[in-house]
Protein chains: 2
Amino acid sequence: MFEPFTLKDIAKALGLSTSTVSRALRDTHEISPETKKLVLDYAQKINYRPNPIALSLKERRSKSIGVSLSEVANQYFAQVVNGIESIAYDRGYHVIITQTHEFYEREKVNIQHLASRSVDGLLVSLSAETTDTSYLQNLHQRGLPMVFFDRVTDQINTHQIIANNEKGSFEATEYLINQGCRRIAHLTSSDHLSISVERLNGYKQALAKHNLPFNEAYIKYCEHGGMFQQETEVAIKELMNLKEKPDGIFVASDRLSIGALAVFKELKIKVPQEMVIAGFCNSDVLDLMCPTLTSVRQPAFEMGQIATDMLLNLIESKYPVHDFEKKILDTSLWVRNS
Amino acid sequence: MFEPFTLKDIAKALGLSTSTVSRALRDTHEISPETKKLVLDYAQKINYRPNPIALSLKERRSKSIGVSLSEVANQYFAQVVNGIESIAYDRGYHVIITQTHEFYEREKVNIQHLASRSVDGLLVSLSAETTDTSYLQNLHQRGLPMVFFDRVTDQINTHQIIANNEKGSFEATEYLINQGCRRIAHLTSSDHLSISVERLNGYKQALAKHNLPFNEAYIKYCEHGGMFQQETEVAIKELMNLKEKPDGIFVASDRLSIGALAVFKELKIKVPQEMVIAGFCNSDVLDLMCPTLTSVRQPAFEMGQIATDMLLNLIESKYPVHDFEKKILDTSLWVRNS
DNA sequence: AATTATTGTGCAATCGTTCCCGGCACAACC
DNA sequence: GGTTGTGCCGGGAACGATTGCACAATAATT
């Protein structure tokens with residue numbers, strides 16, 4: 001059995017009380033230098049570490065934060081996680097990552113598990129399936145600090161951090177227009193996600209600016225964000241079966257971009273000759289391998305950092321916070337059409 | 001403040017003792033049906049959840065396992081994590097993922113943090129930098145269950161699960177030979193990783209079988225597994241500056257494959273006309289985008305599942321386990337040379 | 001020399017839960 | 001009627017760490 005050393009072990013070994021040992025290890029000025037040295041040396045020798053669980057119980061906080069996101073295999077989220085860890089780590093917090101794989105049920109179970117006292121706060125990016133956030137509202141009402149990133153909700157009054165999805169989408173769509181595309185489709189995730197709404201808006205604005213008609217038939221939603229390749233396949237095939245086939249497509253995420261490229265390949269549709277693609281994408285690999293995909297890059301690492309900083313400030317705030325912020329970070333357009 | 005309900009709250013509300021409430025919620029046969037119903041109903045009403053931290057302290061286990069790997073942005077590891085979660089989740093365990101980014105110091109800090117009583121066991125894939133495993137040996141000696149996967153060490157006597165790296169490498173190298181390559185280079189991670197040794201062996205065996213000479217100059221190690229693109233760049237450029245340039249290259253990992261492709265692109269070396277590539281790769285994207293990369297696929301998801309199953313069995317075993325297993329799973333060769 | 005500070009240390013309560021032990025009723029037995 | 005049994009419940013210790021309070025011994029003060 002794995003039994004780490006405790007204060008009691010040290011106390012017994014040195015013939016002291018646990019309180020003396022405890023104080024020797026921190027208070028320092030209440031304890032005689034000799035005793036202090038004795039304790040510190042011994043603790044060093046046996047490599048003593050305070051039991052974080054006992055501390056959590058006592059302090060009523062766990063010094064850990066929970067993260068809920070769709071999947072770490074997604075480059076965007078992997079980069080966000082790195083940002084989260086970089087800050088949490090520095091400030092002495094553990095990070096517990098949970099994946100929803102875009103399922104509402106999974107998200108709910110994960111978050112409730114995290115919340116039942118094992119984390120001090122939550123970083124949440126909603127799943128594609130989620131429409132009911134009442135369980136989150138419940139936790140928030142009861143005082144669990146949370147910050148939303150990427151896929152946010154206005155039903156809960158707290159900090160939010162997102163990319164400038166409208167502007168990013170506008171630029172990507174305008175790029176397609178400038179490339180000569182006139183029938184631009186939009187492949188996106190489920191329609192109740194905040195990012196989908198915002199990205200659709202940017203797309204519409206670009207069309208409007210250039211006097212192009214908005215065609216509902218060109219908008220294709222994937223309820224599970226392309227988690228099932230079949231979703232993407234059906235969507236693309238429907239687009240390609242239209243009388244007026246699109247000549248460009250604005251894709252709303254990493255996963256959908258990958259999925260769409262796969263379908264175009266299968267259909268032997270040449271990119272970018274027959275179809276120009278632009279989309280949100282943070283994948284280095286895709287970027288490297290596909291020189292024809294103009295991409296909207298989100299500052300993922302930075303988003304993770306800022307979200308974590310906001311959350312930890314909420315957690316460590318001595319007074320209840322009522323003033324919440326919605327932070328919007330600019331994207332950048334990486335034009336690739338060689 | 002976020003203050004979940006406790007047993008005491010229920011006891012006070014119903015005029016009972018905490019012990020009675022506790023028993024009503026589990027023991028069940030020592031408590032009268034009426035009291036039981038009363039308690040259960042009330043607990044349901046306020047959505048009571050036992051405090052996992054208090055439980056952990058009492059039970060001296062946390063029902064969570066720690067994972068140490070290089071980075072989740074790597075598709076192989078992302079798939080392993082999914083496998084780990086699928087099993088841990090079913091058996092009621094939390095999963096805490098930590099990333100080393102191939103740094104020894106980071107690995108050590110992460111694992112010691114996990115070990116200081118907050119996890120019941122460890123799943124470890126060593127970082128590229130790690131040579132000294134004494135801190136792990138220390139934990140293992142003191143009884144912390146651990147299972148190694150992918151990058152293992154024989155210095156600690158416990159379960160291991162790996163892919164059949166030798167066979168996979170042999171097949172990939174032989175594939176290159178069959179494609180007509182005669183000067184086959186090998187780009188790999190740091191030389192002290194178990195996978196590097198095994199993969200080099202498979203490579204050598206294939207050369208030997210086909211009576212090709214082994215040339216030390218064709219072997220290039222990247223001490224940080226290609227975490228810094230510069231490593232890969234230097235390695236490839238050195239290879240291409242040799243008098244007898246290689247005509248094929250066997251690459252040992254996802255990240256190195258991506259890195260290498262980027263360098264070949266930069267150098268305007270055509271793949272596969274001037275350079276045939278084969279390598280270990282679990283990236284769907286790379287696979288999709290690069291139709292010329294023949295890849296050795298590892299059963300990553302399954303590896304995660306098996307490792308977790310082994311670990312949980314160790315953790316839950318009533319008797320000390322001395323009989324350890326080294327499980328080797330077959331890889332599969334995905335030939336792509338269109 | 002007696003009183004008051006000062007210093008160093010131990011006791012005990014606390015966090016939320018479980019579980020051993022013991023106690024109170026009431027019924028059944030000799 | 002006294003003993004034993006049984007069903008139901010409360011008291012209290014334990015898990016490991018921190019911390020207010022008490023108290024001893026020594027030093028400083030009048």
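By the 4.5 Å heavy-atom criterion applied to side chains, B:Gln137 and B:Gln155 are counted as neighbours.
Atom pair B:Leu55:CG and C:dT18:P shows a separation of 5 Å (rounding to whole Å applied). Computed from coordinates, the A:Lys8 NZ to C:dG10 C1' distance equals 15 Å when rounded to whole Å. Between the C1' atom of C:dT9 and the CG atom of A:Leu25 lies a distance of 15 Å, rounded to the nearest Å. Taking atom CZ of residue A:Arg61 and atom C1' of nucleotide C:dC15, one finds them 13 Å apart after rounding to whole Å. In this entry the distance linking NZ of B:Lys12 with C1' of C:dG16 reads 13 Å, nearest Å. When the P atom of D:dA17 is taken as reference, atom CD1 of B:Ile53 falls 15 Å away, rounded to whole Å. The nearest whole Å value for the distance from the CG atom in B:Leu16 to the C1' atom in D:dG11 is 14 Å. Following rounding to the nearest Å, A:Leu7 (CG) and C:dG10 (C1') show an atom-to-atom distance of 14 Å.
Dashed line: the shortest gap from a side-chain N or O of B:Tyr48 to OP1 or OP2 of C:dG16 is not under 4.0 Å. Proximity of A:Arg60 to the phosphate of C:dG16: a side-chain N or O atom is located under 4.0 Å from OP1 or OP2. OP1 or OP2 of D:dG10 lies within a sub-4.0 Å distance of a side-chain N or O belonging to B:Ser17.
Residue contacts for B:Ser56: at a heavy-atom cut-off of 4.0 Å it reaches no nucleic acid atom on any strand shown.
With ring centers used as reference points, A:Phe103 lies under 6.0 Å from A:His224.
Among the nucleotides D:dG16, D:dA17, C:dT17, the one closest to any side-chain atom of B:Ala54 is C:dT17. For B:Pro33, whose side chain is taken as the heavy atoms from C-beta onward, the closest listed nucleotide among D:dC8, D:dC15, C:dG16 is D:dC8. The nucleotide whose nearest atom lies closest to any side-chain atom of A:Ile31 is, among D:dA17, D:dG10, C:dT9, C:dT9.
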Going through the distances and angles, do B:Leu38 and B:Tyr42 end up as a side-chain contact (heavy atoms from CB on, under 4.5 Å)? CA-CA 6 Å; B:Leu38 194 70; B:Tyr42 188 75; over 6 Å; no
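The minimum heavy-atom distance between B:Leu193 and B:Ser127, with the atom names listed, is CD2-O, 3.4 Å. The two residues A:Asn82 and B:Gln99 come nearest to each other via the heavy atoms OD1-NE2, 2.9 Å.
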Using the 3.5 Å cut-off, write out each protein N or O paired with an N or O of nucleotides 19-27 of chain C and the distance between them.
unit_1	atom_1	unit_2	atom_2	d
C:dC20	N4	B:Arg23	NH1	3.1

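In this structure, the separation between OG1 on A:Thr153 and CE on A:Met146 is 11.0 Å, given to the nearest 0.5 Å.
Among A:Leu126, A:Ile161, A:Ile306, the single residue meeting the side chain to side chain contact (heavy atoms under 4.5 Å, CB included) criterion with A:Phe149 is A:Ile161.
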